[in-house]
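Everything below concerns the one structure shown next.
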2 protein chains.
Amino acid sequence: MGHSQQDKAASHERILDVAARQFRKRGFDGVGLAALMDKAGLTLGGFYKHFTSRDQLVAEAMSHALKNGRVWLQDKVPPDGSAPLGRLLNAYLTPEHRDNAGNGCAVAALAVDASRTPAASADFNAGFRGFADWVGGMLDGPEDEKRARGGAVICAMAGAIAIARAVDDPRLSDDILKATRRLIENSQKHKPGAGARRRRRRPVGRAAKR
Amino acid sequence: MGHSQQDKAASHERILDVAARQFRKRGFDGVGLAALMDKAGLTLGGFYKHFTSRDQLVAEAMSHALKNGRVWLQDKVPPDGSAPLGRLLNAYLTPEHRDNAGNGCAVAALAVDASRTPAASADFNAGFRGFADWVGGMLDGPEDEKRARGGAVICAMAGAIAIARAVDDPRLSDDILKATRRLIENSQKHKPGAGARRRRRRPVGRAAKR
DNA sequence: ATTATCTATAGATCTATAGATAATGC
DNA sequence: ATTATCTATAGATCTATAGATAATGC
């Protein structure tokens, strides 16, 4: 044994890295604490000096996985490049992403898990909002609609990856990625005005509660 | 006790109904066999006279949930009505659907679970294909692209429902459904030719293996 | 006689805690 | 003295099986 506070911080980070990866791959319920600690080079007993409960790990790992997935994506989509949406789709809707859930987008891998796990909801929300802002910035259109449109693009992309992973037939799986790419591209291509027709502007300053 | 073969068939159906609903709500790992049997009005011990293993239940419940979700949707989208895509979006992208995972679309609720559960993959695949054919039939465009385009529409819809469920903020959640609706409508609205530009035709009869 | 279901239980998890060990850090 | 980690274990699951019970169905 023999461990400094610095060692502990490194252990904590290692546990989070392992959990963020394993949860994306197997789900929150798909891996136990003993297996996680083992993969982090530790034993189960020490877990509760790092987290007060399994739920706390789930919450921290949710944020960690979202950040992790964003870093992976942003490395492939430079902030000042041209045609950013095309680059995003090129990076996201790939067989590589589909076949590596553990290192990929946490929205695609963990949205359903988060919806069943109250401990993860707040962190999922925050991560999704940031992601939607980023993607919204790549789109044309009125400034106040960009976040919502960015969110819709994420829904289409994440849904495609999740379904492409679930499907048994490799050809069908590849086709899902390609068809979703075309759907998203077409959705951004139509003449402005045509899609805004049906849209009513929400009055500013009258925040509607639900 | 005292049970006929007819009783057994009814029991089997009840177990499947309960499982299809509970799995959509809580995931394959989110509910145990004892709780399922209890909700079906039976006890755990009888389970293995109906299924050889938990995995077999998962497989049958996957199909059952897909069928169930299709019936629910098709009730709301008459086969010969006008503007079928609009009706589909009206039925699918709603707060009601979002708030009732147990009775809703199994693609949205269980794609990620299926991707982690080999026993469910084949049944998910078959269900998705049928669903994509149905939705494809609602779209304009070349006949040989309809299934793929239908699949992409499902990805966007299912992704939106899954993410709208995961998100913490009710306003954001509602906005996700609305923005995805617009994205899908716009994707079908663009002038044909613009989107087909980049598309290469696959030679018929040369089936590419992966 | 067969069988649909029940009660009871074995054996394998899994989370959380208790107490020991061997360093760190005041 | 404090603490980061370890070994060991309690108590609560969960799947699967064994054997009993009370009907069905030939």
Side-chain angles (χ1 to χ4, degrees), chain A residues 1-62 110 113-114 116-120, chain B residues 1-62 110 113-114 116-120:
Chain A
M1 285 179 217
H3 310 275
S4 64
Q5 293 172 325
Q6 222 172 358
D7 285 341
K8 190 186 185 184
S11 293
H12 194 91
E13 196 67 8
R14 239 179 313 125
I15 298 169
L16 280 181
D17 272 333
V18 167
R21 167 194 281 267
Q22 290 291 311
F23 285 159
R24 274 177 286 179
K25 204 189 282 194
R26 309 187 199 285
F28 291 148
D29 293 341
V31 57
L33 298 181
L36 289 176
M37 291 298 276
D38 191 62
K39 275 198 192 279
L42 297 165
T43 58
L44 173 61
F47 177 83
Y48 292 91
K49 290 284 160 67
H50 286 277
F51 305 94
T52 66
S53 67
R54 191 186 204 279
D55 266 359
Q56 200 201 322
L57 170 66
V58 166
E60 286 190 32
M62 179 79 255
L110 289 173
D113 287 75
R116 298 170 184 152
T117 310
Chain B
M1 281 175 225
H3 311 273
S4 64
Q5 293 173 323
Q6 222 173 356
D7 286 340
K8 189 183 185 184
S11 292
H12 194 92
E13 196 67 7
R14 241 178 313 124
I15 298 170
L16 279 181
D17 272 333
V18 167
R21 166 195 281 267
Q22 290 291 311
F23 285 160
R24 274 177 284 178
K25 206 189 281 196
R26 310 186 198 287
F28 292 148
D29 293 341
V31 58
L33 298 180
L36 288 176
M37 292 298 276
D38 191 62
K39 274 198 193 280
L42 297 165
T43 57
L44 174 60
F47 178 83
Y48 293 90
K49 290 284 160 67
H50 286 276
F51 305 93
T52 66
S53 66
R54 192 187 202 278
D55 266 359
Q56 200 200 323
L57 170 65
V58 166
E60 287 191 32
M62 178 81 254
L110 288 174
D113 286 76
R116 298 170 185 151
T117 309

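Letters go in sequence order (proteins before strands), and every chain restarts at 1. As the structure is a computational prediction, the values presented were derived from the model and not from experiment.
If you take NE2 of A:His50 and C1' of D:dT5, they are 8 Å apart, rounded to a whole angstrom. Protein atom CG of B:Asp29 is 13 Å distant from nucleotide atom C1' of C:dC14, rounded to whole Å. Distance B:Lys8 NZ to C:dC6 P: 13 Å, rounded to the nearest Å. Between the CZ atom of A:Phe47 and the C1' atom of D:dT7 there is a distance of 18 Å, rounded to whole Å. The interatomic distance linking A:Met37 (CE) with D:dT7 (C1') rounds to 13 Å, in whole Å. Per the geometry, CG belonging to B:Asp38 stands 14 Å off P belonging to D:dT13, to the nearest Å. As a whole-Å value, the separation of A:Asp7 CG from D:dT3 C1' is 12 Å. One interatomic measurement links the two molecules: CD of A:Gln6 to C1' of C:dT24, which rounds to 12 Å at whole-angstrom precision.
Pairing for D:dG11 is with C:dC14, a Watson-Crick or G-U wobble pair whose two hydrogen-bonding atom distances lie under 3.5 Å. Remark: D:dT21 base-pairs with C:dA4; criterion is Watson-Crick or G-U wobble with both hydrogen-bond distances under 3.5 Å.
With distances taken from any side-chain atom of A:Thr43 to the nucleotides D:dA16, D:dC6, C:dC6, the minimum falls on D:dC6. The side chain of A:Leu42 lies closest to D:dT5 when the candidates are D:dA16, D:dT5, C:dT15. Of the candidate nucleotides D:dT5, D:dT15, C:dT15, D:dT15 has the atom lying nearest to any side-chain atom of B:Arg54. In this structure, the nucleotide among D:dT5, C:dA4, D:dA16 sitting nearest to the side chain of B:Leu33 is D:dA16.
At D:dA4, none of the side-chain N or O atoms of A:His12 fall inside 4.0 Å of OP1 or OP2 (strictly under the cut-off). Taking 4.0 angstrom as the limit, B:Tyr48 places a side-chain polar atom (N or O) nearer than this to OP1 or OP2 of D:dA16. An OP1 or OP2 oxygen of C:dT5 is reached within less than 4.0 angstrom by a side-chain nitrogen or oxygen of B:Ser11. The phosphate of C:dA4 (OP1 or OP2) has no side-chain N or O of B:Lys49 nearer than 4.0 angstrom.
At a threshold of 4.0 Å, the pair B:Asp113-B:Arg24 does not count as salt-bridged, since none of the basic side-chain nitrogens sits closer than that to a carboxylate oxygen.
Put simply, the side chain of B:Gln56 gets close to the backbone of B:Thr52: a donor and an acceptor are under 3.5 Å apart. Within the 3.5 Å criterion, the main-chain N or O of A:Ala119 finds no donor-acceptor partner in the side chain of A:Asp55. Put simply, the side chain of A:Lys8 gets close to the backbone of A:Lys49: a donor and an acceptor are under 3.5 Å apart.
Residues B:Leu42 and B:Phe47 form no side-chain contact, since every pair of their non-hydrogen atoms from C-beta on lies 4.5 Å or further apart.
Among the protein residues, B:Gly45 comes within range of the nucleic acid bases, having at least one heavy atom under 4.0 Å from a base atom.
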